[in-house]
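In what follows, a structure is listed as structure tokens, so that the remarks can point back to it.
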Amino acid sequence: MPTQFSEDVIRVLKAIPRGSVATYGQVARLAGNPRAARQVVRLLNAYSSAEELPWHRVINKQGRISLKRGSGYELQKSLLVQEGIRFDKADNIDLSKYQWRPE
DNA sequence: AACCTGACTTCGG
DNA sequence: TCCGAAGCCAGGT
């Protein structure tokens, strides 16, 4: 059985709207544990295929994709671009513009 | 049963 | 501002 925290993380992930992004820490914070960013990573790996999670809408705090080139980076970027998110020349996303701000 | 690892952040000095 | 340590925790070795 998943922990309460895990369930909350899943719930938060599913709530990220199309066209917005959230950071690992932000998801952890919204789920109740600001310091569990790494756990969010684990959950993404564990459930992104089983559950239908918008895993590509989660990026790091620097506004960059954390995946390595050749290991998903390109896929994630294309999925985000499809949702209308723009990358600058350094492949950075403007968080002030695209970061999800739950009400 | 330790020890390492990971698509990360935050904290304290 | 910079840097290391701590926090998170289940799954793999």
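Letters A, B, ... are given to chains in the order of the sequence lines, protein chains preceding strands, and every chain is numbered from 1. What's counted below: heavy atoms across the whole structure, side chains too, no hydrogens, waters or symmetry copies.
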For [X] and [Y], work out which heavy atoms get closest and say how close.
X: Gln62(A); Y: Asn92(A); answer: O-ND2, 3.4 Å
X: Arg18(A); Y: Arg57(A); answer: CA-NH1, 3.2 Å
X: Ser48(A); Y: Leu44(A); answer: OG-O, 2.7 Å

Measure from [atom1] on [X] to [atom2] on [N] and round the result to the nearest Å.
X: Arg35(A); N: dC8(C); atom1: CZ; atom2: C1'; result: 9 Å
X: Gln99(A); N: dT9(B); atom1: CD; atom2: C1'; result: 13 Å
X: Leu43(A); N: dA7(B); atom1: CG; atom2: P; result: 14 Å
X: Asn33(A); N: dA6(C); atom1: CG; atom2: P; result: 17 Å
X: Leu13(A); N: dA7(B); atom1: CG; atom2: C1'; result: 12 Å
X: Arg29(A); N: dT10(B); atom1: CZ; atom2: P; result: 6 Å
X: Leu95(A); N: dC8(B); atom1: CG; atom2: C1'; result: 14 Å
X: Tyr24(A); N: dT10(B); atom1: OH; atom2: C1'; result: 17 Å

| note | Among dG11(C), dC8(B), dA7(B), the one nearest any side-chain atom of Arg42(A) is dG11(C)
| query | Looking at dC8(B), dC9(C), dA7(B), which one has an atom nearest to any side-chain atom of Ser48(A)? | reply | dA7(B)
| query | How long is the gap from CD1 on Ile85(A) to CD1 on Ile59(A), to the nearest 0.5 Å? | reply | 7.5 Å
| task | Mind checking the NZ-CG spacing from Lys77(A) to Leu79(A)? Nearest 0.5 Å is all I need. | result | 12.5 Å
| field | Val9(A) vs Asn33(A), side chain to side chain contact (heavy atoms under 4.5 Å, CB included): CA-CA, chis, key distance, verdict | value | CA-CA 10 Å; Val9(A) 168; Asn33(A) 190 338; over 6 Å; no
| note | What residues 61-80 of chain A contributes to the DNA chain B interface at heavy-atom separation below 4.0 Å is Lys61(A), Ser66(A), Leu67(A)
| remark: Note: for Val41(A) and Pro34(A) on DNA chain B, the residue whose nearest nucleotide lies more 5' is Val41(A)
| How is Asn45(A) classified with respect to the nucleic acid when contacts are heavy atoms under 4.0 Å: base, sugar-phosphate, or nothing? | base
| field | From CA spacing to verdict: side chain to side chain contact (heavy atoms under 4.5 Å, CB included), Arg86(A), Asp94(A) | value | CA-CA 8 Å; Arg86(A) 311 224 328 213; Asp94(A) 183 350; over 6 Å; no
| query | With rounding to whole Å, what would you report as the distance between dA7(B) and dA6(C) at their P atoms? | reply | 22 Å
